[in-house]
Amino acid sequence: MNINATLIAQAIMFALFVWFCMSFVWPPIVGALAARQKQIADGLAAADRGKHELEASAKTAALELRAAKEKATEIIGQAEKRASEIVEESKIQAKTEGDRIIGGAKAEIDQEVNRAKEGLRQQVAALAVAGAEKILRREIDAHAHASMLATIANEL
Amino acid sequence: MSSETLTSSEYIRHHLQNLTCSVQQGHFHCAHSADEAREMGFWALNVDTLLTAFVLGSLFLFFFYRVAKNPVAGVPSGLQNFVEWIIEFIDSSVRGSFTAKSNLVAPLALTVFIWIFMMNLMDLIPIDWVPMLAAQLGVGHFKVVPTTDPNATFGMSISIFFIVLFYSIKMKGLGGFAAELSLQPFGKLGLPANLFLELVNLIAKPVSLALRLFGNMYAGEMIFILIAIMGSTWAGFSLGSATLFGSQIVLSLGWGIFHILIVTLQAFIFMTLTIVYLDMAHQEHH
C-alpha cells in the first residue's frame with residue numbers, strides 16, 4: 001500500500017481514457033440526442049401545422065358545401081319554372097293544333113256538303129230534266145229546251 | 001481462505017497486499033511480501049491495480065464506442081438506450097453544477113463516474129475468488145479493487161488537480177490566479193495569511209478527493225475480509241462454528257447490498273466534486 005509509479009501510470013491511463021471519451025464517444029452520442037430532439041420537435045410542429053390545415057380545410061369545405069346547396073336550390077327552382085313553362089307552352093300548342101285540326105275538318109265537311117249539294121243538284125236537275133223529258137217528250141223538242149234548262153240549273 | 005495454515009492476521013495482510021512488481025537487475029520481479037514491496041521504492045508498479053483498471057476502462061469505452069460509432073437519431077436499440085440514459089444523467093449533472101462552457105468537462109465526468117463505478121463494483125466479487133484464481137496461475141497477490149489502492153485514486157485526483165490549475169490559469173490569467181490565491185479573504189495586508197489559507201484550500205481538493213474514495217473502498221474491503229474470517233474459524237460441527245458460518249453468509253449479503261450504495265455514491269461524489277472544482281476554476285469570483 002505504498003505510493004509508487006502506479007500513480008503515474010494510472011494518471012496516464014486516465015488521461016488516455018478521458019481523451020478517447022472526449023474525442024470519440026461523447027460528441028456522436030450527444031449529437032444523436034440533439035438530432036432526436038430536433039426530430040421530435042419537428043414532428044410536433046408538423047402535427048400542429050396539420051391540425052391547423054385540417055381546421056382551415058374543414059372551414060372551406062363547409063363554405064363550399066353551403067354554396068353548392070344554394071346553387072342546387074337555385075337550379076331546382078329554375079328547372080321547376082322551366083317545366084311549368086314547357087307545360088304551358090305545350091297546352092297552348094296543343095290547343096292551337098286542335099283548333100287547326102278542327103278547322104280543317106270543318107272545311108272538309110263543308111267541302112263534302114257542297115260536293116253533295118252539287119251532286120244532288122245535278123241529280124235533281126237530271127231528274128227534273130228526265131221528268132220534264134218524259135212529260136215533254138210528246139210536246140217539246142228535247143234539244144230545243146236543253147240549253148234553257150242548263151241555264152236554270154246553273155242559277156240554282 | 002486461501003490456505004488453512006494462514007492465521008487471521010496473515011490472511012488480512014495477504015488480502016491487502018498489491019501485486020507490486022518492478023525490474024530489478026534486468027529481471028521483472030514481483031514482491032512476495034509487503035516488506036519486499038516497500039523495498040522496491042517508487043519505481044515499481046502495482047500490476048493488479050493497473051490491469052483491472054485498464055480492463056474495466058476499456059470495457060466501458062468499448063461499449064460506449066460501439067454506440068457512438070453508429071448513433072441512431074430515431075428509435076434507439078437496447079444498448080444505445082442504456083448508454084443514452086447514462087449520458088443524459090451525466091449531462092444533467094454537469095449542467096447543474098458547471099456554468100461555463102467546455103468540451104472537456106462532460107466527457108471527463110462520464111469517464112470518472114463510469115470508470116470509478118466499475119472499479120468500485122469489483123468489491124462485490126467474493127473476496128477470495130480472484131486471489132485464489134491468481135494463486136492457481138502462480139501469482140501470489142491480486143487485489144481486484146483498484147480504488148482500494150491509493151495510487152489509483154491519487155493518480156486520478158492529481159490529474160484532475162492539474163486540469164483545475166490549467167483552467168484556473170487559462171481563464172483568469174497567471175496574475176488573476178495569483179491574486180485569487182493571495183488577495184483574499186483578508187485583503188492586501190493579510191497576504192501571507194491569505195496565501196497560506198488558499199494554498200491549503202487548493203491542496204485539500206485533490207487530497208480529499210483521493211482519500212475519500214480510497215478510505216471508503218478500503219474500509220469496505222476491510223469489512224468484507226473480516227466477515228470472511230468468521231467462517232474460516234470452522235472447527236468441526238459445533239454451535240459456535242455453525243453460528244459464525246451462518247453469520248458470515250448473512251453479514252456478507254447485508255454488507256454487499258449496502259456496499260452497492262457506497263459503490264455508486266462514491267463514484268457520484270467523485271464526479272460531482274470534479275465538476276464543482278472545474279466550475280470553480282472557470283469562475284472569476286467565488
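The analysis underlying the following values was restricted to heavy atoms, covering all of them including side chains, and did not include hydrogens, waters or symmetry mates. Chain letters run A, B, ... following the sequence lines, proteins first, then strands; residues in each count from 1.
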Does A:Trp26 reach the side chain of B:Asp91, with side-chain heavy atoms less than 4.5 Å apart?
-> yes
Which heavy atom of B:Leu45 sits nearest a heavy atom of A:Ala9, and at what distance?
-> CD2-CB, 4.1 Å
Option from B:Phe62, B:Phe60, B:Tyr65 for which ring pair (Phe, Tyr, Trp, His ring centres under 6.0 Å) with A:Phe20 holds | B:Tyr65
For A:Thr6 and B:Asn46, work out which heavy atoms get closest and say how close.
-> OG1-N, 2.7 Å
Which distance, rounded to the nearest 0.5 Å, do you find between the CG of B:Asp149 and the CD1 of A:Ile3?
-> 7.5 Å
May I ask you to check whether over 12 heavy atoms, not counting those of A:Gln93, lie within 6.0 Å of atom CD?
-> no
Highest number of heavy-atom pairs under 4.5 Å with chain A among B:Leu104, B:Thr49, B:Val67 belongs to B:Leu104
Closest heavy-atom pair and its distance - B:Val72, A:Arg36 = O-NH2, 3.1 Å
What's the spacing between B:Leu108 CG and A:Met22 CE if we round to 0.5 Å?
-> 9.5 Å
In terms of heavy-atom proximity below 4.5 Å to chain B, should A:Ile8 be classed as side chain, backbone, both, or neither?
-> side chain
Considering only heavy atoms from C-beta outward, does the side chain of B:Glu88 approach that of A:Leu33 to under 4.5 Å?
-> yes
Looking at side-chain heavy atoms only, is the closest gap between A:Val25 and B:Thr111 below 4.5 Å?
-> no
Assess whether atom CG of B:Asn81 is packed by more than 12 heavy atoms of other residues, nucleotides or ligands within 6.0 Å.
-> yes
If one checks every heavy atom of B:Ser58 against chain A at 4.5 Å, the contacting part turns out to be both
Where does the angle between the aromatic ring planes of A:Phe14 and B:Trp115 fall among parallel (under 30°), tilted (30 to 60°) and perpendicular (over 60°)?
-> parallel
Minimal heavy-atom distance between A:Cys21 and B:Pro107, with the atoms involved, is SG-O, 3.7 Å
Close side-chain approach of B:Glu84 to A:Ile29, heavy-atom, < 4.5 Å = yes
Is B:Arg66 atom CZ crowded by more than 12 heavy atoms from other residues, nucleotides or ligands, each under 6.0 Å away?
-> no
Counting only heavy atoms not in A:Glu55, do more than 12 fall under 6.0 Å of its CD?
-> yes
In terms of heavy-atom contacts, does CZ of B:Phe89 have more than 12 from other residues, nucleotides or ligands at under 6.0 Å?
-> yes
Choice from A:Met13, A:Lys38, A:Gln39, A:Gln10 maximising heavy atom contacts with chain B below 4.5 Å | A:Gln10
A:Gln37 atom CD, neighbour heavy-atom count above 12 within 6.0 Å = no
Any side-chain heavy atom of A:Phe17 within less than 4.5 Å of one from B:Leu56?
-> no
What closest approach, in Å, do B:Phe42 and A:Asn4 show between heavy atoms, and which atom pair accounts for it?
-> O-CB, 3.1 Å
Where does B:Leu110 contact chain A at under 4.5 Å (heavy atoms): side chain, backbone, both or neither?
-> side chain
Could you look at A:Ala15 and say if it's the side chain, the backbone, both or neither that has a heavy atom under 4.5 Å from chain B?
-> neither
Between B:Ser159, B:Pro71, B:Ala106, the one whose heavy-atom pairs under 4.5 Å with chain A are most numerous = B:Ala106
When you measure from the side chain of A:Asn2 to the backbone N and O of B:Gly41, does any donor-acceptor pair fall under 3.5 Å?
-> no
